Amino acid sequence: MRKEVYEIYKQHGIDIESVLSTLKKTKISLHCWQLDDVNGFENKGALTGGIQTTGNYLGKANDFQELTSDLEFALKYIPGAKKINIHANYQSDNVVERKDIGPEQYKSWVEFAKKNNLGLDFNPTIFSSPMLVDNMSLSSPIKQVRDYWIEHCINSLKVTEYFGKELGQKSLMNIWIPDGLKDVPADRMAPRARLKDSLDKILAGYKYDKDVMDVSVESKVFGIGMESYTTGSHEFYMNYSIKNGLLCLLDTGHFHPTENVADKISSMLLFNDRLAFHVSRPVRWDSDHVLKLNDDLQDVADELVKCDALERAYIGLDYFDASINRVAALIIGARNMEKALLKALLTPWKELSEAQDSLDHTKVLALQEELKTLPWGEVWEEYCSREGVKSESEWFKDCLLYEEEVLLRR
Ligand code: RNT
Ligand code: ZN
């Protein structure tokens, strides 16, 4: 990086060294499910629950060994502190029926995390299962179905607590259910009342150690086959989480296409200690495209930084593209998340907000636009090199080699 770059940012009151030290310790949770199209390691059935992957690019990971070797490869090209986000259907040891899982089933994941200096997050897997009846789980009218998933979630709390304890850093357990209806409901309230009751039973079912884990709930506006109603709406979970000391998780693909998810962050932070994210890229619907460094992503990163909320947020990625090299997809999206955070940290928010508060809106606009041409790319290269991570042109070459030597031989 040129010496002048320090000066350029200093003129705006930004100290590059402190930016890099903040960025380096900001954790990003990498979702394991990009590498195998959300399949998991159980007997493979179809992906159900209103989510879809499209594409059949060669080289998908088929088991724990392949998936962790892909992860280890990807990790080399992603700077900063990382966690791995796993789903319950990625049991690494002695696979059991989903409702019966426990720490025993994820021992190899913990070993993998320790070896690679990673944290772990966890998700009960409430899709792709015959126990999902008519796309309903915790809000199903069938008691036996609800009870099955309640038990799965209670056991998931134990797994998550185990991760937090073993790895000495907080683990997040996120509950997402697909429950919903294709057509206009006869009754919107009853499924939501059942969901509320199921969540109460889960929380009463196991008193987890709050020092080592948090629980979040993820809303959604619609799913494939559930276009008219989802039980777990944003309003439902926003209220449930605040009343019960859980975190609200915002998935950036789970709102109406023109809704600005970044705009929600400041309001949420005024009433919640902590907030969780699934950062995704919806294209016309919740399509889970790989993150690009676009305005939507930047807006989310900007809000987290200007609200001084990096330590109050769980940042998880959530996209799955089966039409391109899956390892590259994971790397590209994660690097873009890092880049967005870097750009946000290199922005003089104080200067901008002072201009806003002194009603100098012209300066706000002028400065916002001027900042776009500052040499942040040089700072990015510097960050990557300090982290021992290859630069833009280099990592992709390695990835093509990995494709040729490993992925295409599967
Ligand atoms: C689905 C949700 C959910 C899943 C993962 C696999 O729309 O976004 O988070 O993507 O749990
Ligand atoms: Zn999500």
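Just so you know, these numbers come straight off a predicted model, no measurement behind them. As the structure lists them, so they are numbered: ligands from 1, and atoms in each ligand from 1. Atoms considered below: every heavy atom in the structure, side chains included; atoms not considered: hydrogens, waters and symmetry mates.
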With a 4.0 Å cut-off on heavy atoms, is His254 in contact with ligand 1?
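It does; at least one heavy atom falls under 4.0 Å.
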
Tell me whether ligand 1 is touched by Asp286 - counting only heavy atoms on the residue side and a distance under 4.0 Å.
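Yes, Asp286 has a heavy atom closer than 4.0 Å to ligand 1.
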
For N/O/S atoms only: which one belongs to Glu218 and is nearest the Zn ion (ligand 2)?
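Result: OE2.
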
Measure from the Zn ion (ligand 2) to every N/O/S atom of His278 and report the name of the nearest one.
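The Zn ion (ligand 2) is closest to the His278 atom ND1, counting only N, O or S.
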
Ignoring hydrogens and angles, state whether a donor on the side chain of [X] or [Y] is under 3.5 Å from an acceptor on the partner side chain.
{"X": "Tyr402", "Y": "Asp70", "answer": "yes"}
{"X": "Asn85", "Y": "Asn123", "answer": "yes"}
{"X": "Tyr77", "Y": "Glu394", "answer": "no"}

Just heavy atoms, cut-off under 4.0 Å: does Asn174 contact ligand 1 by side chain, backbone, both, or neither?
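None of Asn174 does.
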
Going through the distances and angles, do Leu346 and His12 end up as a side chain to side chain contact (heavy atoms under 4.5 Å, CB included)?
CA-CA 9 Å; Leu346 287 170; His12 289 288; over 6 Å; no

For the metal site, I want the angle between atom OD2 of Asp251 and atom OD2 of Asp318 with the Zn ion (ligand 2) at the apex, to 10°.
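About 90° at the Zn ion (ligand 2).
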
Considering distance alone, does some N or O of Lys220 sit under 3.5 Å from an N or O of ligand 1?
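The answer is yes, given that Lys220 and ligand 1 share an N or O pair closer than 3.5 Å.
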
Before we go on, tell me: are the rings of Tyr229 and Phe222 under 6.0 Å apart, centre to centre?
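Ring-ring flag for Tyr229/Phe222: false, centres at least 6.0 Å apart.
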
Measure centre to centre between the rings of His31 and Tyr319, then say whether the value is under 6.0 Å.
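Between His31 and Tyr319, the centre distance is under 6.0 Å.
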
